Amino acid sequence: MADERTTADSRLRPLLAFSGTDGDLFWITPRQAALAYLVLHRPYQCFTLEIWAEDAPAESGGRREDAESTEDWQRRLPDPVGSRLEVLDPPPRYEPPARDLPLLLQENWGLLVRTDFSDDAAWASLLDATHHPAQDAEMFCGEEIDEVDDRRFEGASPEQLMALAYEDADDHQDVADVVMIADGASMRDPDHRVLVIPLKGRNIGYPFRMYPDEVVIMVCNLGIGNMSIEDFMD
């Protein structure tokens, strides 16, 4: 819902949002709302909405007082969910794919999708680092990562992959709520850092890079609930 704050802040354009008939109101940027829409099909997103309601509450105190200036009113309000997305260059934007893409059925704790096919040797090196982490390899299992090496995904954007990442309907085990992408930057990077996109939690759609030998450690810790995605973003 757009209200006075939406028009008063031309940069963030915060919206009022809520979930369900008794959900608490919270502030969210249109861009974050759009990214959340891409992953509503994934399980347990209700917990994400509860987190956002705690992070950016819009209670009765969010209304501007009659004698209060717009600047003073804005200063006492919480930052809307998704403010971090606005500083990205470029910010995320969904564009429909030029052709129909298959669903990405995730069976394990991690999902690694190749979107650049310019260098097979770089891809092989990235996979080797992923499956043989520098830390104690016996503690972590590279088989927990599903790899997608399919030319139909060449050039696919992170936002397009977000909309395609589904939990396998026949396998109800928990899966990590991230999709990892081996894109052109990953192939050109001597360290082959992959792009990680959160699909649940405080930072849906906020991208960050990770060394491939740390990927399996991340997905295993997320899978058992030992750490949060924010621990790795930091």
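No experiment lies behind these values; they were computed from the predicted model shown.
Salt bridge annotation for D183-R193: absent, with no cationic side-chain nitrogen under 4.0 angstrom from a carboxylate oxygen. Salt bridge present: R31 and E86 bring a charged side-chain N and a carboxylate O closer than 4.0 Å. We find that D150 and R152 are joined by a salt bridge, their nearest charged nitrogen and carboxylate oxygen being less than 4.0 Å apart.
With hydrogens and angles ignored, the 3.5 Å screen pairs a side-chain donor or acceptor of Q160 with a backbone N or O of S157. At distances below 3.5 Å, not a single donor-acceptor pair connects side-chain atoms of E107 with backbone N or O atoms of D146.
Using a 4.5 Å heavy-atom threshold, the side chains of L111 and L104 count as touching. A heavy-atom distance below 4.5 Å is not found between the side chains of R93 and E159. Inter-residue side-chain proximity for L25 and M1 is flagged as met; some heavy-atom pair is nearer than 4.5 Å. Looking at heavy atoms from C-beta onward, H131 lies out of side-chain contact with V216 at the 4.5 angstrom threshold. L49 has its side chain within reach of F26: a pair of non-hydrogen atoms, C-beta onward, lies under 4.5 Å apart. The shortest side-chain heavy-atom distance between I28 and W52 falls under the 4.5 Å cut-off. Between M210 and M180, every side-chain heavy-atom pair lies at or beyond the 4.5 Å cut-off. Residues R42 and Y166 have side chains not in contact (no heavy-atom distance under 4.5 Å, counting atoms from C-beta outward).
Of all the heavy atoms in R13 and S10, the pair that sits closest is CG-O, 3.7 Å. T29 approaches S83 most closely through the heavy-atom pair CG2-N, 4.0 Å. The two residues H41 and A165 have their closest heavy-atom pair at NE2-O, 2.9 Å. Taking every heavy atom of both residues into account, P97 and L101 meet most closely at CB-CD1, 3.9 Å. Nearest heavy atoms, P198 versus V178: CA-CG1, 4.1 Å. In this structure, H192 and A122 approach most closely via the heavy-atom pair CE1-CB, 3.6 Å.
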For this session: Applying side-chain contact (heavy atoms from CB on, under 4.5 Å), run through L112 and V194 and close with a yes or a no.
Result: CA-CA 9 Å; L112 174 61; V194 299; 4.1 Å; yes
For this session: Could you walk me through whether T115 and E154 pass the side-chain contact (heavy atoms from CB on, under 4.5 Å) test, one step at a time?
Result: CA-CA 4 Å; T115 63; E154 184 169 15; over 6 Å; no
For this session: Kindly indicate, with the supporting measurements, whether the criterion side-chain contact (heavy atoms from CB on, under 4.5 Å) is fulfilled by I145 and N108.
Result: CA-CA 6 Å; I145 297 177; N108 286 305; over 6 Å; no
Problem set entry | Worked verdict on R114 versus D120 for salt bridge (Lys or Arg N to Asp or Glu O under 4.0 Å) | CA-CA 11 Å; R114 183 182 184 184; D120 288 341; 2.9 Å; yes
For this session: Tell me, with the steps shown, if F18 and L16 meet side-chain contact (heavy atoms from CB on, under 4.5 Å).
Result: CA-CA 7 Å; F18 65 95; L16 279 172; over 6 Å; no
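At a cut-off of 3.5 Å, with distance as the only test, a side-chain donor of Q45 or T48 sits close to an acceptor on the other residue. A side-chain donor-acceptor contact under 3.5 Å links R209 and S186.
With sequence neighbours excluded, the residues satisfying side chain to side chain contact (heavy atoms under 4.5 Å, CB included) with P96 are Y94.
The line from CG of D149 to CG of L127 is 7.5 Å long, rounded to the nearest 0.5 Å. Interatomic distance, N203 CG to L85 CG, rounded to the nearest 0.5 Å: 7.5 Å. Atom OG of residue S228 and atom CG of residue L222 lie 7.5 Å apart, to the nearest 0.5 angstrom. I217 contributes atom CD1, which lies 11.0 Å from atom OG1 of T130 (distance to the nearest 0.5 angstrom). Taking OG1 from T6 and CG from D9, the interatomic distance works out to 9.0 Å, rounded to the nearest 0.5 Å.
In the hydrophobic clustering of ILVMFWY residues, with side-chain heavy atoms under 4.5 Å counting as a link, M233 and L88 come out together. Note on L12 and I204: separate hydrophobic clusters, where clusters join Ile, Leu, Val, Met, Phe, Trp and Tyr whose side-chain heavy atoms are under 4.5 Å apart, directly or indirectly. A single hydrophobic cluster is not seen to contain both M187 and Y211; linkage of ILVMFWY side chains at heavy-atom distances under 4.5 Å, directly or through other members, places them apart. F117 and L161 sit in two unconnected hydrophobic clusters of ILVMFWY residues. Membership requires side-chain heavy atoms under 4.5 Å apart, directly or through other members. Hydrophobic clustering (side-chain heavy atoms under 4.5 Å, transitive across Ile, Leu, Val, Met, Phe, Trp, Tyr) groups L103 together with F153.
A cation-pi arrangement is present between R5 and W27 under the rule of less than 6.0 angstrom and at most 45 degrees off the ring axis.
Exactly one of V196, L195, L35 qualifies for a side chain to side chain contact (heavy atoms under 4.5 Å, CB included) with P158. That residue is L195.
Annotation for N226: atom CG counts as buried by contact number, over 12 foreign heavy atoms lying within 6.0 Å.
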